[in-house]
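Just so we're clear, the structure is a prediction, and the values are computed from it rather than from any experiment. For this chain, numbers begin at 1 and follow the sequence in order.
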Amino acid sequence: MMTIKTANLGFPRLGKKREWKKAIESYWAKKIDKAELDQTLQDLHKEILTIQKEHHVDQIPAGDFSLYDHVLDTSLLFNIIPERFQGRPVDDELLFDIARGNKEHVASALIKWFNTNYHYIVPEWDNVTPKVNNNVLLEKFNFSKETGVTSHPVIVGPVTYVALSKGGDQSFEEKVRTLLPLYKEVFESLTEAGAEYIQVDEPILVTDEAKELQDITKEAYEFFNKEVPSTNLVLQTYFERVDLNFVGQLPVYGLGLDFVHDNGFNLQQIKDGLFPKEKALFAGIVDGRNVWATNIEAKKELIASLQPYTNELVIQPSSSLLHVPVTLEEETLDDSVREGLSFATEKLDELYALKQLFNENDDTLYNELKTQFERFESQSFKQLEYDYDSVKSERTTPFKERKVLQDEVLNLPDLPTTTIGSFPQSREVRKYRADWKNNRISDEKYEEFVQNEIKRWIDIQEDIGLDVLVHGEFERNDMVEFFGEKLNGFLVTKFGWVQSYGSRAVKPPIIYGDVKWTAPLTVKETLYAQSLTGKPVKGMLTGPVTILNWSFERVDIPRSEVQDQIALAINEEVLALEESGIKVIQVDEPALREGLPLRSEYHEDYLDKAVRSFRLSTSSVQDSTQIHTHMCYSQFGQIIHAIKSLDADVISIETSRSHGDLIQDFEDITYDLGIGLGVYDIHSPRIPTEEEITVAIDRALKEIDRSLFWVNPDCGLKTRQEDEVKQALTVLVKSVEKLRKDSTVKQPN
């Protein structure tokens with residue numbers, strides 16, 4: 001009888017109460033020294049390994065714990081150091097500077113990790129000298145052994161790593177070949193240290209790009225098979241299906257496949273006989289990206305259906321658990337919903353229950369989880385009927401005609417300036433909000449504080465000279481969670497944090513029921529801000545696609561239906577703002593690109609539904625009301641036509657972290673709507689120079705009509721210090737003021 005084992009692909013770094021984030025940010029703020037940082041993170045790393053051991057995982061990952069990002073860790077391991085940062089010791093200070101920038105140099109680009117809300121630091125190959133630096137992966141593996149944990153090392157595979165990189169004169173294949181001896185060196189060290197197998201993550205093989213990469217992928221893994229034959233490699237994929245006709249023939253010990261997000265294709269390929277029985281099958285059967293409890297009876301049937309096709313079966317989450325919160329342990333939730341939830345540690349329990357059922361015929365935990373799931377499923381959270389036909393799904397007046405009306409109302413100067421929405425969430429802001437939520441101060445005192453902050457920042461914006469102002473969002477904890485707290489159908493947790501990028505953590509709300517708007521959400525603060533100034537103040541909302549993508553969505557109805565429910569709710573708020581006299585309303589959609597399916601066959605359907613939802617939320621306004629939207633840190637070339645189809649009057653979009661590469665996307669499309677390009681990186685403490693901002697604007701104006709062009713930072717300023725914000729925005733405005741006087745700025749042909 002086959003013995004089933006369990007494995008995990010990765011675990012949340014944050015800690016149960018964001019201990020990881022707090023330690024790193026305390027170090028950046030010079031509140032703790034390097035020794036204290038190292039000790040705190042070492043203790044947390046040990047705790048994370050121990051948690052997985054206590055939850056009976058047979059094979060625990062080593063190497064997923066990082067100071068910032070696992071892709072950046074791989075870059076430092078192989079000395080792929082951006083040219084501007086070279087010549088320094090390869091240490092934690094270098095890692096932080098590459099990720100965040102410093103006074104002398106800009107940070108490396110930040111891009112979404114496939115179709116998730118996690119961001120990785122893009123490797124740069126210009127003038128690099130690849131070699132193995134300090135073998136941190138070996139150190140982490142040895143640390144797990146010292147902790148008494150049976151672990152397997154985890155590393156981003158060479159093909160995926162190069163696919164996620166940029167720059168350099170070498171071809172794709174040459175870059176991979178350059179890395180192969182370095183991977184060999186690391187693999188040998190890990191095998192000698194006792195690694196039973198090594199998890200090599202190659203998620204690029206689930207994308208359309210995989211077909212073009214087959215030759216170099218085959219070459220890479222044949223090299224490893226020849227040069228390190230004693231090393232057992234598990235080629236791990238996730239987020240979609242793979243082509244088992246190809247991947248199944250690679251000379252590796254095992255294959256990791258996603259049986260949750262593959263649309264059924266991986267299972268069908270196995271049933272069609274495409275999985276070599278002699279290989280170990282690492283089956284991702286528990287959803288690593290959502291928080292709903294597993295239908296454990298269905299997974300029992302899945303395991304039974306897989307057993308005949310392999311001699312060794314390991315069950316695991318569908319991906320790293322980096323994308324879900326740590327535990328339900330300290331959540332105080334109503335049992336009617338709680339029983340339907342499963343965070344990282346609970347997912348490990350689900351795997352253990354299935355392992356015990358098959359290996360020991362012990363159904364105790366299995367039956368407990370099955371009963372809980374059935375109780376949850378017996379409830380109905382779908383009760384509302386929606387009248388979609390009564391809401392406009394497009395603006396009937398063309399943009400050129402709308403722009404004339406909006407220009408008359410707003411009376412803005414050449415190259416208008418604005419920000420993306422949020423201003424610094426200082427310690428004082430967070431304390432007042434926490435005191436209010438915990439009933440330590442009255443509603444009146446909290447409202448007075450928020451209004452004082454709004455007035456202070458309206459004054460600051462006017463002093464700096466910005467043209468379109470914002471209220472600052474001091475009453476908001478997060479751009480999605482804030483709406484989750486106020487709309488029906490959402491559940492907000494206390495400790496449900498997940499990592500977005502670096503030390504940035506978000507707490508996605510959980511959509512468990514039908515979504516409905518019942519009262520104004522943002523009108524009071526926006527209207528108060530507008531009363532303080534003669535300049536236009538933007539109403540600031542989050543769009544339906546982003547709210548869906550940055551929440552843990554329900555899975556009992558189609559995603560597009562949930563998305564449209566959210567769109568109708570946002571439309572109500574848009575109209576409430578307009579009725580209150582707000583003439584500029586921004587509906588942010590930073591997650592539109594990240595939700596794009598990894599396979600192109602699904603793109604058109606996804607984009608059509610995303611565009612429809614955005615239009616449902618914004619198209620009912622008057623022609624004179626200016627609709628803005630915002631997107632950040634993604635590769636936009638694939639969706640540039642969909643962005644235009646949103647028909648927003650102005651879109652603000654990131655370009656500084658991509659070092660201007662985004663401008664190229666406008667070379668093959670006539671973009672005749674308003675556009676603001678982010679001209680400096682808000683995620684770095686570095687203050688931009690006037691020259692840098694002028695160069696960024698000048699380059700953009702070679703492709704974009706000046707009359708349509710806006711100037712703004714990359715993203716919201718919530719995470720920055722107040723002095724940094726004031727200095728950077730002052731530089732931005734001064735640069736624009738000079739350009740307004742400069743008649744030599746080139747116009748597009």
Side-chain angles (χ1 to χ4, degrees), residues 2-16 44-66 70 137 140-155 190 194-201 232 234 236 238 253-260 280-291 293-294 296 299-300 302-303 306 312-329 342-360 362 364-366 368-369:
M2 178 188 299
T3 298
I4 292 173
K5 292 184 178 180
T6 58
N8 190 21
L9 282 68
F11 199 79
R13 302 162 188 151
L14 281 172
K16 294 178 180 179
L44 179 60
H45 190 188
K46 182 176 181 179
E47 177 184 313
I48 287 172
L49 292 169
T50 303
I51 286 171
Q52 294 174 83
K53 181 180 179 180
E54 290 173 348
H55 285 264
H56 312 287
V57 180
D58 295 317
Q59 286 288 350
I60 294 166
D64 60 321
F65 189 81
S66 173
H70 56 280
L137 186 55
K140 291 176 181 176
F141 178 71
N142 285 333
F143 179 75
S144 68
K145 285 201 300 182
E146 294 165 8
T147 307
V149 168
T150 302
S151 69
H152 63 273
V154 178
I155 188 170
L190 293 166
E196 180 182 335
Y197 71 88
I198 300 170
Q199 176 186 320
V200 186
D201 287 359
N232 291 328
V234 173
Q236 182 64 56
Y238 34 81
Y253 164 69
L255 293 176
L257 304 178
D258 186 335
F259 291 93
V260 177
L281 174 57
F282 287 72
I285 64 171
V286 169
D287 193 347
R289 293 182 55 170
N290 210 332
V291 295
T294 294
I296 202 161
K299 301 306 177 182
K300 170 188 171 183
L302 174 59
I303 292 171
L306 292 172
E312 183 177 352
L313 180 62
V314 181
I315 57 174
Q316 59 187 22
S318 63
S319 65
S320 170
L321 297 177
L322 176 71
H323 309 290
V324 296
V326 176
T327 181
L328 279 166
E329 197 174 276
S342 176
F343 292 177
T345 54
E346 289 77 27
K347 292 180 187 298
L348 300 181
D349 289 338
E350 292 169 346
L351 292 170
Y352 177 62
L354 289 162
K355 180 178 72 171
Q356 288 298 96
L357 179 69
F358 278 89
N359 292 351
E360 308 294 337
D362 178 358
T364 307
L365 182 56
Y366 172 86
E368 179 184 328
L369 295 177

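For H45, the ring-ring contact (aromatic ring centres under 6.0 Å, His included) criterion is met by F65, F143, not counting sequence neighbours. With sequence neighbours excluded, the residues forming a ring-ring contact (aromatic ring centres under 6.0 Å, His included) with F282 are Y197, listed by chain and number.
At least one donor-acceptor pair under 3.5 Å links the side chain of N232 to the backbone N or O of E196. At least one donor-acceptor pair closer than 3.5 Å links the side chain of S318 to the backbone N or O of G288. A distance-only check finds no donor-acceptor pair linking the side chain of K355 to the backbone of D58 [under 3.5 Å]. Within the 3.5 Å criterion, the main-chain N or O of V286 finds no donor-acceptor partner in the side chain of K299. For K347 (side chain) and D287 (main-chain N/O), a donor-acceptor pair under 3.5 Å exists by modelled atom type.
Closest approach of Y352 to H56, counting heavy atoms only: CD1-CB, 3.3 Å. Residues A283 and L313 approach most closely at CB-CD1, 4.0 Å, considering heavy atoms. The heavy-atom pair separating D258 from V260 by the smallest distance is OD1-N, 2.7 Å. Taking each heavy atom of A293 and E350 in turn, the nearest pair found is CA-OE2, 3.6 Å. When all heavy atoms of R289 and S319 are compared, the pair lying nearest together is CG-OG, 3.6 Å. Here the closest non-hydrogen pair linking F343 and P325 is CB-O, 3.4 Å.
With rounding to the nearest 0.5 angstrom, the CG atom of L137 is 5.0 Å from the CG atom of L190. Expressed to the nearest 0.5 Å, how far CD1 of I48 lies from OG of S144 amounts to 13.0 Å. With rounding to the nearest 0.5 Å, the separation of CG in L351 from NZ in K5 is 15.0 Å. L281 CG to L255 CG: the interatomic distance, rounded to the nearest 0.5 Å, is 7.5 Å. Note that the CD atom of E329 and the CD1 atom of I51 stand 8.0 Å from one another [nearest 0.5 Å]. In this structure, OG1 in T364 is found 10.0 Å from CG in L357, a value given to the nearest 0.5 Å.
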Passes side chain to side chain contact (heavy atoms under 4.5 Å, CB included), I296 versus Y366? Steps please.
CA-CA 7 Å; I296 202 161; Y366 172 86; 3.8 Å; yes
May I have the step-by-step check of side chain to side chain contact (heavy atoms under 4.5 Å, CB included) for L9 and Q236, ending in yes or no?
CA-CA 9 Å; L9 282 68; Q236 182 64 56; 3.5 Å; yes
Please step through side chain to side chain contact (heavy atoms under 4.5 Å, CB included) for the pair L322 and R13, ending with a clear verdict.
CA-CA 7 Å; L322 176 71; R13 302 162 188 151; 4.1 Å; yes
Side chain to side chain contact (heavy atoms under 4.5 Å, CB included) for V326 and F11? Distances and angles first, verdict last.
CA-CA 8 Å; V326 176; F11 199 79; 4.2 Å; yes
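Residues P61 and Q52 are in side-chain contact: their nearest non-hydrogen atoms beyond the backbone lie under 4.5 Å apart. Counting heavy atoms from C-beta outward, V234 and V314 have side chains that stay 4.5 Å or more apart.
There is a side-chain donor-acceptor pair under 3.5 Å between E312 and Y253. Q199 and Q316 are not linked by any side-chain donor-acceptor pair at a separation below 3.5 angstrom, with hydrogens and angles left out of the test. T327 and E346 are linked by a side-chain donor-acceptor pair at a separation below 3.5 angstrom, with hydrogens and angles left out of the test.
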